[in-house]
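This report refers to the structure that appears directly beneath it.
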Protein chains: 4
Amino acid sequence: MSAVGHNSGDILPSDAQNMLKSYVERIERLNEEKAEIAEQAKEVFSEAKGNGFDTKVLRKLISIRKMDRAKWKEEQAVLDLYAHAMGLDLF
Amino acid sequence: MSAVGHNSGDILPSDAQNMLKSYVERIERLNEEKAEIAEQAKEVFSEAKGNGFDTKVLRKLISIRKMDRAKWKEEQAVLDLYAHAMGLDLF
Amino acid sequence: MSAVGHNSGDILPSDAQNMLKSYVERIERLNEEKAEIAEQAKEVFSEAKGNGFDTKVLRKLISIRKMDRAKWKEEQAVLDLYAHAMGLDLF
Amino acid sequence: MSAVGHNSGDILPSDAQNMLKSYVERIERLNEEKAEIAEQAKEVFSEAKGNGFDTKVLRKLISIRKMDRAKWKEEQAVLDLYAHAMGLDLF
DNA sequence: TACATTTAGTGTCGAC
DNA sequence: GTCGACACTAAATGTA
């Protein structure tokens, strides 16, 4: 489907044009906010690192908490299976 | 280095444990905020779509604008680098 | 879905095991090739540096050129998208 | 240091300019080769997936093989430590 | 060593 | 519901 009743001059009517600008700006503003938050998170990791924590492990921990526990265990099991098939013993 | 003086009992001292919890919670809170913002962006796209805009085009537009900005910054940076490489020191 | 009919003995059938090994080896071979190429690139940078060029500037240059190409492709893509959105079908 | 004896017109002598072009082209060629190889790796993963393998686990397996075994076990231990501190039981 | 950049990997979204 | 593309996150590398 094409935009808001622009009929065929291949030019957007000015109201559609305004809407478009508005959408773009709103999205871009939200993207900036996300970037700011990402920046703050970075600072928290940095502080944690400064206090002797291993940030890589910290990240992994957080991702595990976010993820379904059952899924995690299943993934570990498959990994274990593959590892045995390759002759690697992990744990 | 390992964390806050836990040397090898394989147990975190309670203050380290508290710090850990605090870091995890702060990060998780920031992650939630990001998710909320992402949700809002989704709504904007949805609204745009409802008004007849092609969201794929919209996304491309936004990504090009972002690229433009990034490219502009890169160009400034390379200028600056050249200047340094030449031994002058603009700005 | 799980792998090639290993249903639950938690052991991979020997043909699946062979496939697994084969995939792993192929990927690892490709990774080695990439590493070799990366090594060659490193040598080029090193040679450039030896001839008085600033490698950081060189890298920036290359990244800008890459960006230019990417941007050009994006712009073609967005043109194409607009065309579709307008119901015409160029190319 | 600045480039190949260009003394002060802020213009690169033509031989330096030629070298520069040559370096840029060599690097770009190597980058293309890397991209081709990455493409091939993608195809292998795709084929593996088609035969029922879990590509995510496959990737993890390959990364573990690449990595020092001792390091892997250490990382798991730290993760376990942090997880306990957070009241999560992983394995 | 710590920082910044680049590259790989993972998750999400929309199309078919 | 699966597939492919896109965006975001995380790891690795290279530099100062």
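Worth knowing before you read on, the calculation uses all heavy atoms, side chains too, and leaves out hydrogens, waters and symmetry mates. Every chain is numbered from 1, with letters handed out A, B, ... down the list of sequences.
With sequence neighbours excluded, the residues satisfying side-chain hydrogen bond (donor to acceptor under 3.5 Å, both in side chains) with B:E75 are B:K71. Take A:E32 and apply the salt bridge (charged side-chain N to carboxylate O under 4.0 Å, His left out) test, not counting sequence neighbours, and it matches A:R29. The side-chain hydrogen bond (donor to acceptor under 3.5 Å, both in side chains) check on C:E33 picks up nothing, with sequence neighbours excluded. Applying the side-chain hydrogen bond (donor to acceptor under 3.5 Å, both in side chains) test to B:N18 and every residue at least two apart in sequence or in another chain returns nothing. With sequence neighbours left out, the salt bridge (charged side-chain N to carboxylate O under 4.0 Å, His left out) criterion links D:E47 to C:R26.
Taking atom CH2 of residue A:W72 and atom C1' of nucleotide E:dG11, one finds them 17 Å apart after rounding to whole Å. The separation between B:E43 atom CD and E:dC13 atom P is 12 Å, rounded to whole Å. Between the C1' atom of E:dG9 and the CD1 atom of D:I64 lies a distance of 15 Å, rounded to the nearest Å.
Between A:A38 and C:F45, it is A:A38 whose nearest contact on DNA chain F lies nearer the 5' terminus.
Within the structure, ring pair (Phe, Tyr, Trp, His ring centres under 6.0 Å) contacts touching residues 20-48 of chain D (residues at least two apart or in different chains) are C:F53-D:Y23.
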Identify all pairs in which a protein N or O lies below 3.5 Å from an N or O of nucleotides 3-7 of chain E, and state each distance.
none

Donor-acceptor list for residues 55-63 of chain B side chains, cut-off 3.5 Å, not counting sequence neighbours:
residue : atom : partner : partner atom : Å
B:K60   : NZ   : C:E74   : OE2          : 3.1
B:S63   : OG   : B:K60   : O            : 3.0
B:S63   : OG   : C:E74   : OE1          : 3.0

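No side-chain donor-acceptor contact under 3.5 Å links A:Y82 to the backbone of C:L20.
Between chain A and DNA chain F, the heavy-atom contact criterion of under 4.0 Å yields a 5' to 3' nucleotide range of F:dC8 to F:dA12.
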